[in-house]
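Have a look at the structure below, then the notes.
Along the sequence shown, residues carry numbers from 1. Because only heavy atoms are used, hydrogens play no part in the values below, and waters and symmetry mates are left out as well, while side chains stay in.
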Amino acid sequence: MSGPAVAAVRRAVREFLATIDAPAELCVAVSGGADSLALAEATAYVGHHRGLHGHRVRALVVDHGLQDGSAKIARDAVAAAKALGADEAEVRRVDVTGPGGPEAAARKARYGALAGHDLVLLGHTLDDQAETVLLGLGRGSGPRSLAGMRPHDPPWGRPLLAVPRATTRAACAELGVEPWEDPHNAEARFTRVRLRTEVLPLLEDVLNGGVAAALARTAAQLREDSEALDTSADRIFTRAGGVEGLDVAVLESEPAALRRRVLRRWLLESGVRELTDAHLRAVDALVARWRGQGGVWLPGNLEARRRRGRLCVISQPTTRGD
């Protein structure tokens with residue numbers, strides 16, 4: 001018989017699946033930790049009982065190869081997922097390389113290994129959402145970052161964003177499962193670990209509790225606001241002309257929050273990568289603070305210019321030294 005924690009996780013999964021058109025196969029990313037194991041069990045339980053025929057559940061275990069014994073940890077996670085009801089479970093080995101530090105490289109490799117399915121459920125909890133909001137706040141990344149992770153951002157699904165980490169741990173205890181504890185989660189060299197073990201506990205103490213839940217609620221509110229603004233910006237984008245170029249007359253009467261959303265979409269769809277806030281504000285100045293200035297250089301040998309009342313992006317030849 002399941003306890004209250006197991007019931008809470010199952011309810012979160014059931015409510016999430018009710019909001020989307022779930023595919024016949026539900027994939028779950030499983031690390032062997034408490035969050036992913038609780039999610040795997042709940043997905044198997046709900047998936048097998050949802051509708052007349054239910055769903056097949058596939059557990060995907062990513063072996064980053066960063067620790068001694070990682071292959072055994074991955075095999076144990078596969079066995080645990082099957083014991084908890086997954087129809088299939090498999091290991092995907094990745095090489096963690098690239099810029100941005102070990103956290104960013106591992107994340108990129110992991111998401112690459114998990115891609116290729118209609119829906120992959122991730123075990124991010126309310127506490128993970130709070131940490132994400134704090135990271136965005138510290139980086140000054142704007143409302144998109146403060147809005148946190150989306151519950152459904154295809155192909156990714158996050159049913160547990162309103163479920164505390166303590167609940168997933170309690171669910172594993174009720175199921176008689178001993179989750180794997182990633183030693184990296186105790187290493188203070190990782191920013192997220194320090195947020196988890198130092199910053200959030202301090203905030204909870206100073207502000208008398210409820211901080212993680214409050215941050216998660218703030219993220220949800222900002223996400224709703226951002227979605228409404230994005231919808232308005234999409235209409236302006238269409239009126240202004242689209243990817244081929246934007247009519248400045250349409251943009252200059254719009255509030256900055258909408259105008260920059262239009263410009264952001266336009267620049268991304270025009271092929272600009274690694275777009276920063278500084279780039280965006282410089283391009284916005286071609287509309288809001290036009291004094292006949294030259295173009296704005298952008299990553300990828302691109303340049304945004306204003307010509308005859310329209311904005312355009314042009315490609316510049318790569319300069320090579322002798």
Side-chain angles (χ1 to χ4, degrees), residues 94-115 132-133 135-150 153-156 191-192 222-223 226-227 229-230 232-234 236-248 250-252 254-322:
V94 297
D95 292 322
V96 178
T97 57
E103 285 182 287
R107 186 182 307 110
K108 181 178 179 180
R110 179 166 60 254
Y111 276 86
L114 294 171
T132 299
V133 174
L135 282 170
L137 182 64
R139 292 168 179 164
S141 304
R144 288 184 185 276
S145 183
L146 294 182
M149 297 175 283
R150 295 174 180 271
D153 187 16
W156 317 115
T191 302
R192 189 176 282 268
L222 284 170
R223 199 158 51 245
S226 290
E227 288 170 356
L229 288 170
D230 284 343
S232 296
D234 287 344
I236 298 168
F237 178 80
T238 300
R239 283 197 293 114
V243 179
E244 66 279 2
L246 298 177
D247 186 342
V248 172
V250 173
L251 298 178
E252 58 190 1
E254 298 294 341
L258 287 172
R259 190 174 62 241
R260 288 175 188 152
R261 276 173 164 77
V262 174
L263 292 173
R264 180 179 184 275
R265 175 181 169 181
W266 173 62
L267 291 169
L268 291 175
E269 293 188 7
S270 297
V272 179
R273 296 294 177 262
E274 300 178 9
L275 181 65
T276 67
D277 183 67
H279 294 136
L280 188 57
R281 289 179 181 274
V283 175
D284 184 51
L286 297 177
V287 178
R289 297 190 301 279
W290 174 245
R291 299 183 301 276
Q293 64 264 39
V296 176
W297 288 90
L298 299 165
N301 295 311
L302 299 174
E303 183 184 4
R305 288 185 181 177
R306 175 167 170 163
R307 289 177 172 173
R308 299 186 180 90
R310 294 186 69 82
L311 295 181
C312 60
V313 172
I314 60 175
S315 178
Q316 295 290 357
T318 303
T319 58
R320 303 176 68 177
D322 295 333

Quiz item: For R144, which residues count as a side-chain hydrogen bond (donor to acceptor under 3.5 Å, both in side chains) partner, sequence neighbours excluded?
Solution: D230
Quiz item: Would K108 and V96 count as a side-chain contact (heavy atoms from CB on, under 4.5 Å) if you check the C-alpha gap in whole Å, the side-chain angles of each, and the deciding distance to 0.1 Å?
Solution: CA-CA 8 Å; K108 181 178 179 180; V96 178; over 6 Å; no
Quiz item: Could you walk me through whether V283 and L298 pass the side-chain contact (heavy atoms from CB on, under 4.5 Å) check?
Solution: CA-CA 9 Å; V283 175; L298 299 165; 4.2 Å; yes
Exercise. Keeping the roles fixed (side chain from R223, backbone from A147), state whether a donor-acceptor pair exists under 3.5 Å.
Key: yes
Quiz item: How long is the span from the CZ atom in R307 to the CG atom in L286, to the nearest 0.5 Å?
Solution: 12.0 Å
Quiz item: Does R260 have any salt bridge (Lys or Arg N to Asp or Glu O under 4.0 Å) partners at least two apart in sequence or in another chain, and if so, which?
Solution: D284
For residues 238-247, tabulate all N or O donor-acceptor pairs below 3.5 Å that involve a side-chain atom, not counting sequence neighbours.
from : atom 1 : to   : atom 2 : distance (Å)
T238 : OG1    : D234 : O      : 3.2
R239 : NH2    : E254 : OE2    : 3.2
D247 : OD1    : A249 : N      : 3.0

Quiz item: Mind checking what makes side-chain contact (heavy atoms from CB on, under 4.5 Å) contact with S315, not counting sequence neighbours?
Solution: L302
Quiz item: At what distance, to the nearest 0.5 angstrom, does CG of L258 lie from CG of L263?
Solution: 11.0 Å
Quiz item: For S226, which residues count as a side-chain contact (heavy atoms from CB on, under 4.5 Å) partner, sequence neighbours excluded?
Solution: P143, R261
Exercise. Quick one: list whatever passes side-chain contact (heavy atoms from CB on, under 4.5 Å) with L268, sequence neighbours left out.
Key: R264, L275
Quiz prompt | Where at least one partner belongs to residues 266-275, residue pairs that pass side chain to side chain donor-acceptor pair (under 3.5 Å), sequence neighbours excluded | solution = R265-E269
Quiz item: How would you list, by chain and number, every residue that makes a side-chain hydrogen bond (donor to acceptor under 3.5 Å, both in side chains) with E227, sequence neighbours excluded?
Solution: R150
Quiz item: Considering residues at least two apart in sequence or located in another chain, which fulfil the side-chain hydrogen bond (donor to acceptor under 3.5 Å, both in side chains) criterion with T276?
Solution: H279
Quiz prompt | Heavy-atom pair with the smallest gap, counting every atom of A233 and V262 | solution = O-CG2, 3.4 Å
Quiz item: Residues two or more places apart in sequence or in another chain: which of them pass side-chain contact (heavy atoms from CB on, under 4.5 Å) with A282?
Solution: V296
Practice problem: Tell me, please, which residues at least two apart from R306 pass side-chain hydrogen bond (donor to acceptor under 3.5 Å, both in side chains). | Solution: none
Self-check item: Residue D95 excluded, over 12 heavy atoms near CG under 6.0 Å
Solution: no
